[in-house]
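See structure below.
All of these numbers come straight from a predicted model, not from anything done at the bench. These numbers come from the heavy atoms of this one structure, side chains and all, not from hydrogens, waters or symmetry mates.
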Amino acid sequence: MGLLSLAIWTPIAFGVILLALGRDEQAGAVRWLALVGAVLSFAITVPLYTGFEVGSAAMQFVEKASWIERFNVHYHLGVDGISLWFVLLTAFMTVIVVIAGWEAITSRVNQYMAAFLILSGLMIGVFAALDGILFYVFFEATLIPMYLIIGIWGGPNKIYAAFKFFLYTLLGSLLTLIALIYLYTASNGSFDVLSWHQLPLSSTAQTLLFFAFFAAFAVKVPMWPVHTWLPDVHVEAPTGGSAVLAAIMLKLGAYGFLRFSMPIAPDAAQEWGTFMIVLSLVAVIYVGLVAMVQQDMKKLVAYSSVAHMGFVTLGFFIFNPLGVSGGLVQMIAHGFVSAAMFLSIGVLYDRVHSREIASYGGVVNTMPRFSAFALLFAMANCGLPGTAGFVGEWMVILGAVKFNFWIGLLASTALIFGAAYTLWMFKRVYLGPVANDDVKALKDINAREFLMLALLAVAVLYMGLHPKPFTDVMDPSVVQLLKHVAVSKLPQ
């Protein structure tokens with residue numbers, strides 16, 4: 001079994017074992033076994049980076065075996081510079097959410113931990129799949145554990161939120177299945193994604209395929225105006241669910257644009273590029289303004305995620321290396337920063353059981369260590385130089401200015417809005433005198449919470465100060481993708 005298969009199936013196997021344990025009386029053993037599974041799964045992904053041939057745009061660690069012979073479906077895996085970091089990010093975040101749920105989850109602990117481990121393996125499968133049907137199976141299967149996480153351990157309106165999440169994402173994906181079947185027919189019976197990149201397709205076919213993929217990927221990102229499911233889901237999801245949703249699951253849609261929409265339908269992608277840029281700018285500006293008026297911390301960060309992911313799609317559809325690389329860096333940075341923001345809110349919620357900004361004030365007086373972490377993550381969310389949040393946004397803005405000065409200028413307003421709503425929330429929650437008895441009674445973070453936040457803080461600072469390892473891996477694959485997109489695939 002290759003490294004990618006181990007990265008996919010190790011967490012799934014641990015998840016199945018945890019489901020078999022079955023009783024809350026064994027919760028202590030369950031938590032430790034889940035942590036062992038998560039750490040082992042992350043350790044398996046590290047050789048993917050250390051053994052990755054930097055400077056190559058080819059697929060690496062490729063595995064291929066026949067799966068459904070009758071329809072020429074293969075178990076086909078591989079990673080390139082575009083997908084590698086998302087495999088590591090997924091495994092890393094799984095370790096974090098296991099630590100985060102250590103004390104917060106007291107019922108059905110085995111099912112909770114199992115759901116996250118299984119979800120981790122399925123999401124790695126999405127990033128590694130090179131067969132259309134295999135990709136679709138992993139892509140859709142991720143809905144099941146997340147649906148259960150929201151529906152079982154969520155807030156008062158958890159059933160509504162879980163149903164909305166499942167319905168939105170499933171309906172969009174049905175058009176993608178039709179597109180995959182069309183490509184299978186057009187390629188004379190192949191589900192090989194890389195061979196689809198070479199198919200000559202008519203302008204009409206490319207446009208229909210582009211929007212079929214758009215239906216699934218835009219909802220998953222989520223792009224404006226199909227973003228309305230995200231704030232409701234974030235508000236109701238448990239802290240770990242919000243962290244994984246923001247850090248990884250939103251990236252599945254953006255990744256789909258790079259692996260499917262742009263290389264398979266390059267002429268349509270360029271034709272509709274302006275449309276995508278407009279939607280991205282609306283997300284960056286309008287949704288940023290919406291975030292400013294939120295009173296619920298989770299809802300504010302949820303809208304912030306929509307705005308930050310608008311930067312990602314903007315970077316992709318300006319079709320220059322700086323923009324696309326910036327979009328990829330922004331995806332990884334947003335994974336660290338958004339997860340850190342949601343987990344910080346979770347620390348407060350576990351103590352006060354309120355997400356309302358008005359319920360807090362002066363937290364720095366009673367939780368100084370925690371407030372230091374919260375300040376770092378808030379600055380990263382603002383895009384402060386030296387943090388992960390700055391690098392991707394700055395690259396996208398530079399790429400956008402190179403593409404069109406006015407688009408770059410509009411995109412840069414997001415830095416102002418992002419600073420405004422993030423600092424406004426930080427001021428109201430953390431600064432000033434102690435606001436009430438609940439805040440006065442707060443105890444600072446314990447060793448477990450310190451470890452969880454420290455790991456994320458290291459990631460945020462390392463990426464902000466030393467982004468070269470990330471961009472060096474990405475750049476050859478980005479350049480190859482853009483060369484591919486620049487060549488028309490219309491039949492001669």
Point-to-point distance, once rounded to the nearest 0.5 Å, from [atom1] of [X] to [atom2] of [Y]:
X      : Y      : atom1 : atom2 : result
Phe373 : Ile445 : CZ    : CD1   : 5.0 Å
Leu384 : Thr422 : CG    : OG1   : 11.5 Å
Leu77  : Phe138 : CG    : CZ    : 6.5 Å
Met59  : Leu84  : CE    : CG    : 11.0 Å
Ser120 : Ile248 : OG    : CD1   : 8.0 Å
Leu48  : Trp85  : CG    : CH2   : 11.0 Å

Please evaluate residues His308 and Ser338 with respect to the criterion side-chain hydrogen bond (donor to acceptor under 3.5 Å, both in side chains), reporting the C-alpha separation (whole Å), side-chain torsions for both, the decisive distance (0.1 Å), and the verdict. CA-CA 10 Å; His308 282 107; Ser338 63; over 6 Å; no
Is the ring pair Phe336/Phe92 parallel, tilted or perpendicular, if the boundaries are 30 and 60 degrees? perpendicular
Any idea how His466 and Tyr462 line up, ring-wise: parallel (<30°), tilted (30 to 60°), or perpendicular (>60°)? perpendicular
Is the distance between the ring centroids of [X] and [Y] under 6.0 Å?
X      : Y      : answer
Phe316 : Phe257 : no
Phe116 : Tyr112 : yes
Tyr303 : Tyr421 : no
Tyr255 : Phe127 : yes

Ignoring hydrogens, what is the shortest heavy-atom contact between [X] and [Y]? Give both atom names and the distance.
X      : Y      : answer
Val109 : Val30  : CG1-CG1, 3.9 Å
Phe61  : Pro47  : CZ-O, 3.9 Å
Met331 : Ala254 : CE-CB, 3.6 Å
Ile397 : Ser412 : CD1-CA, 3.7 Å
Ala411 : Phe311 : O-CZ, 3.3 Å
Gly408 : Ala400 : CA-CB, 3.7 Å

Determine whether the side chains of Tyr349 and Ser354 contain a donor N or O and an acceptor N or O closer than 3.5 Å. no
Assess whether a salt bridge exists between Asp475 and Lys468, defined as any Lys/Arg side-chain N lying under 4.0 Å from an Asp/Glu carboxylate O. no
What I want to find out is whether Arg351 reaches Glu449 closely enough, with some N-O distance under 4.0 Å, to be called a salt bridge. yes
Is it true that atom CH2 of Trp102 has more than 12 heavy atoms of other residues, nucleotides or ligands lying nearer than 6.0 Å? yes
Return yes if some donor-acceptor pair links the side-chain N/O of Thr313 with the main-chain N/O of Gly310 below 3.5 Å, else return no. yes
For the pair Arg448 (side chain) and Ile99 (backbone), establish whether a donor and an acceptor sit closer than 3.5 Å, ignoring hydrogens and angles. yes
Cation-aromatic face contact Lys220/Phe139, 6.0 Å, 45 degrees: yes
Under the criterion side chain to side chain contact (heavy atoms under 4.5 Å, CB included), which of Leu122, Leu170, Thr169, Val126 is the partner of Glu140? Leu170
Determine, stepwise, if the pair Lys158 / Asp232 fulfils salt bridge (charged side-chain N to carboxylate O under 4.0 Å, His left out). CA-CA 9 Å; Lys158 59 190 178 185; Asp232 291 333; over 6 Å; no
